[in-house]
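Because the structure is predicted, anything quoted here is derived from the model rather than measured.
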Amino acid sequence: MRVTINDIKAMKGKGQRIPMVTAYDYPTAKLVDEAGMPFILVGDSLGQVVLGYESTVRVTMEEMLHHIKAVVRGAQRALVVADMPFMSYQSDVAAAIRNAGRMLQEGGAGAVKLEGGEHMAETVRRIVECGIPVMGHIGLTPQSVHQLGGYKVQGRTPRAAAKLVRDAHALEEAGAFSIVLESVPTQLSRIITQRLAIPTIGIGAGPFCDGQVQVLHDMMGMFTDFVPKHARRYANLGEVFKEATAQYIKEVQEGAFPTEKESFTMDESVLAELEGVRD
Ligand code: KIV
C-alpha cells in the first residue's frame with residue numbers, strides 16, 4: 001500500500017525520523033522505493049541536476065509533469081510529492097489550484113510542494129480545501145534566488161528568525177501536512193520543529209527536524225558542478241559511471257566488445273542457404 005500523508009504525520013507523533021530524497025525518473029524512483037524510502041520529492045532541482053539549467057527558475061509545468069509521471073511509475077510504495085515550479089502558483093490562486101490539480105490528475109503525485117510562508121498561506125488553504133495535500137517550503141526558497149541575492153542561510157537575524165517562525169505557523173494553520181526547512185540555523189529549526197504539530201523536513205537545517213531531504217544527485221555523487229555544504233555523499237556513482245564508460249570505449253576500440261556471449265547466432269542451415277545465394 002502506498003504511504004499517505006497521514007502515515008507521514010503519524011511518524012512525527014511516534015518520534016520516527018522521516019527520510020526523503022528527490023527522484024526525477026523511473027529507474028531511480030524504483031531503486032529508492034525498493035530501498036525502503038517512504039517519501040519521494042520530484043523537486044524542481046530537476047532543473048539543475050538533470051536538465052542543466054543554472055537555477056530552478058527556468059523549470060516549467062510541462063517539464064515537471066513529464067518527470068513526475070516517470071517517478072510515479074517507478075515508485076510503487078512511497079508517497080510522491082510534486083514540486084510546483086516557479087510561476088505556476090504565485091500569480092493567482094485559481095492558477096495555483098489548477099496547476100496543483102494537474103500534478104495529481106495528470107502526474108499521479110500524492111501531494112504538491114510550494115515555496116513561501118505567510119504570503120502563500122491563503123493559496124495553500126485553498127489548494128488543501130480542494131483536496132490536494134500541500135507541503136510548505138520556507139527558509140532558503142530557491143525560486144526566489146534573484147530576490148534573496150544568492151543561496152544564503154536564512155533566519156539569522158532576530159527579525160528574520162521571527163518571520164520564519166510566523167511563516168511556519170501560517171502554513172500549518174493553512175493546512176499544510178509538512179514543511180521543508182531549507183538552509184536555516186539548527187537552533188531555529190529546532191524551535192520551529194518543537195512548536196509545530198506537523199513534521200518539518202530539513203535540508204541544511206540541522207539534526208532536529210522531524211525528517212531530512214536530500215537531492216539524490218548530490219548524495220550519489222552524480223552532480224558535480226557544485227556540492228552544497230549540507231549534502232553528504234553516500235556513493236560516488238559519477239566516478240563509477242565515468243570508469244565504466246571509459247572501459248566500454250576501450251573495449252569497443254580494441255574489439256574486445258562484443259564477444260560471442262553478447263551476440264546471436266542463426267541456424268547453420270539458414271547460413272548455408274544464405275551463403276549459396278549470389279546477388
Ligand atoms: O527541488 C528540490 O529538490 C527541493 C529540495 C531541495 C527540498 O525543493
Side-chain angles (χ1 to χ4, degrees), residues 2-3 8 18-89 99-100 102-115 133-135 137 140-143 145 151 178 180 182 201-204 211-228 230-242 245:
R2 202 179 275 282
V3 174
I8 298 295
I18 306 163
M20 184 184 213
V21 74
T22 64
Y24 315 97
D25 59 36
Y26 173 83
T28 50
K30 192 160 186 277
L31 289 171
V32 299
D33 193 66
E34 286 171 1
M37 188 65 62
F39 208 12
I40 293 178
L41 172 66
V42 190
D44 62 356
S45 49
L46 162 80
Q48 286 160 302
V49 301
V50 174
L51 302 180
Y53 295 147
E54 77 289 352
S55 78
T56 59
V57 170
R58 302 275 295 277
V59 178
T60 66
M61 271 297 291
E62 301 314 317
E63 286 168 337
M64 285 305 300
L65 281 167
H66 181 73
H67 288 267
I68 292 159
K69 288 178 194 172
V71 169
V72 170
R73 286 192 289 267
Q76 296 295 305
R77 186 180 156 270
L79 173 61
V80 177
V81 179
D83 234 348
M84 298 198 60
F86 184 55
M87 280 302 132
S88 67
Y89 58 95
N99 286 322
R102 289 187 72 193
M103 297 301 200
L104 271 62
Q105 195 168 39
E106 291 176 43
V112 300
K113 175 169 85 59
L114 55 82
E115 298 180 5
V134 177
M135 184 177 202
H137 182 160
L140 172 56
T141 46
Q143 292 174 12
V145 62
Y151 298 98
S178 66
V180 168
E182 179 165 353
I201 309 293
I203 177 162
Q212 297 292 328
V213 58
Q214 285 281 287
V215 171
L216 189 75
H217 288 54
D218 293 336
M219 275 176 66
M220 299 301 181
M222 292 192 293
F223 181 75
T224 51
D225 291 5
F226 61 90
V227 182
H230 57 64
R232 182 177 293 178
R233 189 163 282 182
Y234 284 83
N236 200 345
L237 298 191
E239 278 311 308
V240 172
F241 195 96
K242 276 196 277 184
T245 307

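The distance from atom CZ of R102 to atom CE of M64, rounded to the nearest 0.5 Å, is 12.0 Å. We find the OH-CD distance between Y53 and Q48 to be 11.5 Å, quoted to the nearest 0.5 Å. Note that CE of M20 and CG of L79 are 7.0 Å apart. Values are rounded to the nearest 0.5 Å. Here the CG atom belonging to D218 is positioned 7.0 Å from the NE2 atom belonging to H230, to the nearest 0.5 angstrom. Between M37 atom CE and L31 atom CG the span is 11.5 Å, to the nearest 0.5 Å. In this structure, CD1 on I203 lies 8.5 Å from CD on Q212, to the nearest 0.5 angstrom.
Donor-acceptor pairing under 3.5 Å is lacking for the side chains of E182 and Y151.
Proximity of F241 to M220: side-chain heavy atoms (C-beta onward) are nowhere separated by under 4.5 Å. In this structure the side chain of V42 never reaches within 4.5 angstrom of the side chain of D83, judged on heavy atoms. The closest side-chain heavy-atom distance from R77 to R2 is not below 4.5 Å. Side-chain contact check for Y234 versus Q214: every heavy-atom pair is 4.5 Å or farther apart. The closest side-chain heavy-atom distance from V215 to P228 is not below 4.5 Å. Put simply, the side chain of P142 reaches to within 4.5 Å of the side chain of H137, judged on heavy atoms. In this structure the side chain of E62 reaches within 4.5 angstrom of the side chain of L65, judged on heavy atoms.
For an aromatic pair to be called close, the ring centres must be under 6.0 Å apart, and F226 with F223 satisfies this.
Pairs engaging residues 21-45 under the ring-ring contact (aromatic ring centres under 6.0 Å, His included) rule: Y24-H217 [sequence neighbours left out].
Smallest separation of non-hydrogen atoms from A100 and V112: O-CG1, 3.9 Å. For E63 against L46, the heavy-atom pair with the smallest separation is O-CD2, 4.1 Å. The heavy-atom pair separating V145 from S55 by the smallest distance is CG1-CB, 4.5 Å. Between N99 and S88, the shortest heavy-atom contact is ND2-O, 2.8 Å. The two residues L114 and V134 come nearest to each other via the heavy atoms CG-CG1, 4.2 Å. Among all heavy-atom pairs drawn from I40 and A75, the shortest one is CD1-CB, 3.8 Å.
A side-chain contact (heavy atoms from CB on, under 4.5 Å) with T28 holds for exactly one of L216, V71, D33; it is L216.
Proximity of a side-chain donor or acceptor of E115 to a complementary backbone N or O of L140 within less than 3.5 Å is not detected.
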- Would you check, one step at a time, whether the test side-chain contact (heavy atoms from CB on, under 4.5 Å) holds for L237 with K242? CA-CA 8 Å; L237 298 191; K242 276 196 277 184; over 6 Å; no
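Under a cut-off of 6.0 angstrom, the local environment of NZ in K30 is sparse, with at most 12 non-hydrogen atoms contributed by other residues, nucleotides or ligands. Counted within 6.0 Å of CD on Q105, heavy atoms from surrounding residues, nucleotides or ligands total 12 or fewer; the atom is thus considered open.
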